[in-house]
*Asks:* 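My questions will all concern the structure given below.
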Amino acid sequence: QVQLAESGGGLVQAGTSLTVSCAASGGTFNNYHMGWFRQALGKEREVVAAINWDGTRTSYADSVKGRFTISRDNAKNTVYLQMNSLKPEDTAVYFCAARGGVISRFPPGTYNYWGQGTQVTVSS
């Protein structure tokens, strides 16, 4: 079973950049496909980005495409979300998630493990 811990959230101004990280422990990290999700106050959780086990495939929500980049370092058991040109509508709690096992499609439709989240607030 893998445990996930996000970090790097904070309060930033619109137009700036921020990178959030997710450190994994308790499992073999490169056995997992990883995803970043976010949930704004009063809204449903939505997928932001996903990356496959070896980093060769990525996918993004249309709302962040061209601004956000997901990456992973399997040697450090960490997945990152670099966020550029941030907008106030990017304000949310950002969660990372892991999906183990064989998947029939990418990105995965479901994830097995979730972190506690890190708050990102973008001021206008």
Side-chain angles (χ1 to χ4, degrees):
Q1 183 171 345
V2 64
Q3 291 83 45
L4 304 172
E6 302 91 339
S7 61
L11 172 63
V12 297
Q13 289 190 329
T16 62
S17 299
L18 187 69
T19 298
V20 290
S21 304
C22 172
S25 62
T28 303
F29 185 61
N30 61 10
N31 283 348
Y32 295 91
H33 310 286
M34 302 297 295
W36 281 100
F37 291 74
R38 67 186 182 186
Q39 187 167 19
L41 194 63
K43 295 187 177 180
E44 292 188 355
R45 186 174 61 195
E46 61 176 356
V47 62
V48 175
I51 189 167
N52 73 332
W53 70 275
D54 65 356
T56 57
R57 298 184 69 181
T58 58
S59 70
Y60 297 92
D62 287 343
S63 59
V64 306
K65 203 170 291 184
R67 299 189 298 123
F68 290 12
T69 302
I70 188 172
S71 62
R72 66 188 296 162
D73 185 337
N74 285 350
K76 295 183 178 179
N77 292 350
T78 302
V79 62
Y80 306 95
L81 185 67
Q82 180 180 348
M83 303 180 287
N84 299 328
S85 302
L86 282 161
K87 305 174 181 180
E89 51 263 44
D90 294 318
T91 295
V93 178
Y94 283 72
F95 300 88
C96 68
R99 167 65 187 268
V102 177
I103 56 174
S104 58
R105 64 180 178 91
F106 180 82
T110 59
Y111 287 79
N112 307 109
Y113 305 103
W114 295 83
Q116 295 298 308
T118 186
Q119 176 71 47
V120 173
T121 303
V122 184
S123 64
S124 57

*Asks:* Could you check whether any side-chain heavy atom of Val20 comes within less than 4.5 Å of a side-chain heavy atom of Arg38, counting everything from C-beta outward?
*Replies:* no
*Asks:* Identify whether the distance between the nearest side-chain nitrogen and carboxylate oxygen of Asp62 and Lys65 falls below 4.0 Å.
*Replies:* yes
*Asks:* Closest approach of Gly100 and Asn112, non-hydrogen atoms and distance?
*Replies:* N-OD1, 2.9 Å
*Asks:* Report whether Phe106 and Tyr32 are members of the same hydrophobic cluster (ILVMFWY, side-chain heavy atoms less than 4.5 Å apart, transitive linking).
*Replies:* no
*Asks:* Nearest heavy-atom pair of Pro108 and Ile103: which atoms, and what distance?
*Replies:* CG-CD1, 4.1 Å
*Asks:* Between the side chain of Thr78 and the main-chain N/O of Ala23, is any donor-acceptor distance below 3.5 Å?
*Replies:* no
*Asks:* Could you grab the distance from atom CD of Gln13 to atom CG of Leu86, nearest 0.5 Å is fine?
*Replies:* 11.5 Å
*Asks:* Under 3.5 Å, is there a donor-acceptor pair linking the side chains of Arg99 and Tyr111?
*Replies:* no
*Asks:* Donor-acceptor pair, distance only, cut-off 3.5 Å: does the side chain of Glu6 make one with the backbone of Gln116?
*Replies:* yes
*Asks:* Would a single hydrophobic cluster contain both Phe95 and Met83, if residues Ile, Leu, Val, Met, Phe, Trp and Tyr are joined by side-chain heavy-atom contacts under 4.5 Å?
*Replies:* no
*Asks:* Less than 6.0 Å separating the ring centroids of Phe37 and Trp114?
*Replies:* yes
*Asks:* Could you tell me the separation between the SG atom of Cys22 and the CG atom of Leu81, rounded to the nearest 0.5 Å?
*Replies:* 10.5 Å
*Asks:* Under 4.5 Å between side-chain heavy atoms, hopping through other hydrophobics if needed: is there a path connecting Val93 to Val120?
*Replies:* no
*Asks:* For the residue pair Gly101 and His33, what are the closest heavy atoms and their distance?
*Replies:* O-NE2, 3.9 Å
*Asks:* To the nearest 0.5 Å, what is the distance between CG (Asn77) and OG1 (Thr28)?
*Replies:* 8.5 Å
*Asks:* Please confirm whether the backbone N or O of Val47 pairs with a side-chain atom of Arg45, one donor and one acceptor, at under 3.5 Å?
*Replies:* no
*Asks:* Are Met34 and Trp53 linked, directly or through intermediate hydrophobic residues, by side-chain heavy-atom contacts shorter than 4.5 Å (ILVMFWY only)?
*Replies:* no
*Asks:* May I ask you to decide if Phe29's main-chain N or O and Arg72's side chain share a donor-acceptor pair within less than 3.5 Å?
*Replies:* yes
*Asks:* Do Phe68 and Ile70 belong together in a cluster built from hydrophobic side chains that touch within less than 4.5 Å?
*Replies:* yes
*Asks:* Taking all atoms of both residues into account, what is the closest heavy-atom pair of Ala24 and Leu4, and its distance?
*Replies:* CB-CD2, 3.7 Å
*Asks:* Return the minimal non-hydrogen interatomic distance between Pro88 and Ala14, and the atom names on each side.
*Replies:* CD-CB, 4.1 Å
*Asks:* Got a second to check how far Leu11's CG is from Gln119's CD, nearest 0.5 Å?
*Replies:* 9.5 Å
*Asks:* Could you grab the distance from atom OG1 of Thr91 to atom CG of Leu41, nearest 0.5 Å is fine?
*Replies:* 10.5 Å
*Asks:* For the atom pair CD (Gln1) and OG (Ser25), what is the distance rounded to the nearest 0.5 Å?
*Replies:* 10.0 Å
*Asks:* Return the minimal non-hydrogen interatomic distance between Tyr80 and Ser21, and the atom names on each side.
*Replies:* CD2-OG, 3.3 Å
